Asks: 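Below is the structure I would like to discuss, written out as structure tokens.
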Amino acid sequence: MITGATNILKNAGSLVNKAIEEYGEEKGVEYPNTAYDLPVFYAFLEDKVKTIGKIRKILEEIKESIKEEPTYENALKAGRCVLFAAEAIEALKYIEGEEHRDAEYTGFIPDDLIRRLGLSLVDGTIPGIAVILGKTRTGKEAKKLIRSLQERGILCCLCGDIIDQLHEEGVNIGLDLRVIPLGKSTETIHALNFALRTALIFGGLKRGMEKEIREYMKERVPVFVISLGEKEDMRYGIEAGVLFCNIPIVTDQEEEEIEGRYISEKDYKKMIHKALELAGIKIKVAKIDIPVPFGSAFEGERVRKNDVFVEIGGGRSIAFELLKMGTEEIEDGKIDLIGKDLNEIPEGSTPDLGVIVEVYGEKMEKDFEPVMERRFHDFVNCASGIMHVAQRDLIWIRISKEAREAGFLLRDIGTILHGKLHQEFSEIVDKVQIKIITDKERVEKEIIEARKIYREREEKTKNLTDESVDTFYSCTLCQSFAPDHVCIITPERTGLCGGVNWMDAKTGYRINKNGPNQPVRKDTVIDIEKGEWKEVNEFVREASHGKIERVCLYSAMENPHTSCGCFECIVAFIPEANGFMIVNREFGGKTPCGMSFSTLAGSVGGGVQVPGFIGVAKRYILSKKFILKEGGLKRIVWMPKSLKEELKPELKKRAEEISEPDLLEKIADETICTDPEELVVFLSEKNHPSLSMEMML
Ligand code: SF4
Ligand code: ZN
């Protein structure tokens with residue numbers, strides 16, 4: 001390990017020297033789309049490192065810490081050096097900008113992707129991350145290894161010849177399949193700096209907190225390394241770096257073991273079990289018996305037009321799905337097919353489809369129907385080769401030729417829903433009976449009934465306000481990453497990830513009384529405009545381990561709600577404009593507060609209160625309770641054009657409700673300005689309400 005480390009360090013040294021000759025010491029180096037410059041340097045050093053000159057200095061300094069004597073302690077010290085050296089080598093590839101980099105591999109993983117994965121990591125959809133180095137004995141085994149990790153939902157980062165093995169076996173890889181090809185050797189650092197950033201993004205840890213960050217890695221980040229095949233010195237060096245990050249390693253080579261940290265196992269199947277155990281990862285999967293691979297790894301996979309066998313809904317045919325409460329008489333597991341299935345339908349057709357699911361359970365309630373129905377989208381998408389978009393009578397489904405060839409039938413959608421409803425809602429579901437309808441007349445008849453039910457539900461949620469309930473709910477799911485963060489979810493304030501609304505949280509509590517969703521009474525009002533209640537404060541104080549004393553749900557300035565890291569948008573105060581801007585995660589550009597989303601996000605997350613800044617869900621922007629204390633929507637002075645477009649109809653409606661019908665035209669976006677001075681000019685021209693509202697500072 002120590003020889004390997006010395007080699008990598010030497011290599012880094014000469015690359016850095018070469019770069020200095022070419023560009024000079026002052027030339028800046030950073031990765032794109034991150035708030036953490038060069039994450040390894042950021043995590044382990046208090047000083048900012050932004051130039052090649054500075055990198056050279058650090059590499060020179062740390063060289064001293066390498067000791068020849070082969071002890072575990074020395075291996076860890078060497079490992080620390082490897083991390084810096086590998087980060088330097090990889091960062092130099094970005095010196096001329098991203099476009100000059102070898103595009104065959106994913107390379108650096110941007111912050112926004114980590115945030116996007118955040119929720120899946122906390123709710124267990126992605127139970128862990130595997131970093132795979134080297135190659136398996138045969139290509140077939142590589143395919144099998146990846147498949148079984150995928151079926152368990154594990155996110156795989158690949159580094160080494162296994163990438164070629166998978167290509168040769170015809171296995172599709174890529175970000176959307178959660179199999180990320182990083183590169184061939186020191187690119188492993190991109191998996192490690194990803195893991196390190198979870199501590200910075202979600203754990204609220206700061207620059208240079210090396211000890212705490214390593215501790216966090218050990219306690220909270222479910223990651224492991226599988227190191228395959230014959231190794232050269234270089235790989236041993238990288239393994240030392242991995243160990244320094246407190247990440248366990250399983251290898252298929254014979255090695256001296258280190259208990260709980262470094263294990264040998266030749267059998268690939270056993271290897272996965274051992275790795276999961278070492279990393280403390282528990283997997284809950286029920287086998288879904290359908291002819292195509294099934295697992296959350298396939299959730300984001302698209303079916304392209306040329307690969308489509310049939311297409312359903314999405315304006316091409318009539319389609320809907322509905323879940324309703326059934327009686328005790330229904331038969332569990334019964335799937336009725338009314339009409340033709342895929343084996344009787346020609347390729348290229350657009351069949352009609354109705355999916356009606358009846359659920360019976362002693363603890364089942366009518367209120368749970370839409371919550372469970374909304375999950376169909378996730379469930380069906382887990383089947384490889386099936387793409388499912390939207391919900392209710394708006395669904396759009398594509399089934400690929402490959403899935404059809406493997407024997408997939410529409411009836412299998414029933415199998416998926418039956419299995420997943422039992423698995424995910426085991427506390428409230430006893431029986432599930434399903435009708436899959438493709439007969440045109442029958443679909444047309446049933447959709448009328450379904451639409452009646454959708455309308456009734458809409459009426460019901462429309463009338464649901466914070467005033468109309470006596471209980472809010474908490475969500476502490478994100479505490480696995482942000483240990484002091486608590487979301488308080490009210491009918492008019494969705495969880496900031498956008499994935500949990502009040503009804504979901506309420507259902508969550510019914511399903512698991514000791515789970516992350518707990519009821520929070522709201523009997524004693526402290527300040528109704530700020531959205532402060534005595535019981536909410538007490539709850540948050542306790543759940544945040546005393547870190548947060550008070551929280552005002554409707555204010556961005558006073559005791560604001562904390563953020564974990566997976567917020568969809570950030571609301572940020574712009575003093576010059578006496579208002580707030582909003583930026584969503586998808587927007588990569590600069591904003592009037594001088595920072596991009598990712599930079600801004602760096603100071604908002606981690607479960608701390610930052611007055612003037614809150615992380616929110618997109619839906620919350622449309623709520624009547626949105627920063628009510630500061631004046632609500634009227635205070636919004638800037639947001640990216642795409643976000644404006646996305647929310648347009650609803651924003652317009654809200655604008656009319658608050659007697660500012662032209663508000664949307666008064667809100668600036670990046671095509672108008674990204675600078676506070678220009679922003680103020682624009683706002684005055686448009687006579688934006690924020691300028692005449694009470695001063696916030
Ligand atoms: Fe995390 Fe809050 Fe979403 Fe729960 S509601 S998953 S705590 S962001
Ligand atoms: Zn979160």
Side-chain angles (χ1 to χ4, degrees), residues 35 111-127 194 197-205 216 220-222 296 371 374-375 378 424 466 471-512 514-520 531 536 539-545 547-548 551 553 560-571 584-585 597-598 600-610 613-621 623 625-626:
D111 290 358
D112 78 329
L113 182 69
I114 304 182
R115 287 177 196 281
R116 218 162 359 111
L117 293 174
L119 185 61
S120 311
L121 283 166
V122 297
D123 73 5
T125 336
I126 302 181
F194 166 9
R197 269 177 293 157
T198 58
L200 299 163
I201 291 179
F202 300 102
L205 298 175
Y216 184 95
R220 298 188 182 270
V221 188
S296 63
V371 173
R374 216 149 42 90
R375 299 292 305 279
D378 310 333
E424 299 276 325
D466 288 4
T471 308
F472 295 155
Y473 286 88
S474 67
C475 183
T476 48
L477 205 55
C478 283
Q479 288 204 345
S480 53
F481 280 91
D484 301 324
H485 170 75
V486 193
C487 270
I488 296 291
I489 299 174
T490 82
E492 293 177 89
R493 198 186 203 286
T494 315
L496 52 87
C497 56
V500 186
N501 66 27
W502 184 81
M503 208 50 119
D504 297 325
K506 182 177 167 186
T507 313
Y509 173 64
R510 299 292 168 85
I511 293 169
N512 179 2
N514 301 313
N517 303 122
Q518 293 295 317
V520 185
V536 173
F539 184 92
V540 171
R541 195 173 304 144
E542 166 114 22
S544 71
H545 316 106
K547 294 272 176 16
I548 306 294
V551 55
L553 298 179
H561 191 285
T562 61
S563 303
C564 40
C566 36
F567 32 77
E568 291 184 301
C569 303
I570 299 170
V571 177
N584 52 316
R585 192 163 54 199
F597 177 90
S598 54
L600 203 49
S603 46
V604 182
V608 290
Q609 285 178 318
V610 190
F613 299 87
I614 46 172
V616 299
K618 284 182 185 164
R619 306 292 319 162
Y620 178 56
I621 302 170
S623 160
K625 300 296 191 298
F626 173 65

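Any value given below was found using the heavy atoms of this structure, including those in side chains, with hydrogens, waters and symmetry copies removed. Quick caveat, the model's predicted, so the values are computed rather than measured. Counting starts at 1 for both ligands and their atoms, following the listed order.
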Asks: Looking only at protein heavy atoms, identify the closest one to atom 6 (S) of ligand 1 and say how far it is in Å.
Replies: Leu119 CD1, 3.2 Å
Asks: With the side chain counted from C-beta on, respond yes when Arg493 and Lys625 share a heavy-atom pair under 4.5 Å apart, and no when they do not.
Replies: no
Asks: Below 30° counts as parallel, above 60° as perpendicular, anything between as tilted: where do the rings of His561 and His485 land?
Replies: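 His561 vs His485 ring planes: perpendicular.
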Asks: Are there any protein N/O/S atoms under 2.8 Å from atom 2 (Fe) of ligand 1, and if so, which?
Replies: Cys487 SG
Asks: Between Ser474 and Phe539, is there a side-chain heavy-atom distance shorter than 4.5 Å?
Replies: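 Yes, their side chains come closer than 4.5 Å.
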Asks: Parallel, tilted or perpendicular: which describes the rings of Phe626 and Tyr620, with under 30° parallel and over 60° perpendicular?
Replies: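 Phe626 and Tyr620: perpendicular rings.
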Asks: So Arg585 and Ile570, do their side chains get closer than 4.5 Å, heavy atoms only?
Replies: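 No; the side chains remain at least 4.5 Å from each other.
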Asks: Within a strict 4.5 Å, meaning less than it, do heavy atoms of the Arg374 and Asn501 side chains meet?
Replies: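 They are in contact (side-chain heavy atoms under 4.5 Å apart), so the answer is yes.
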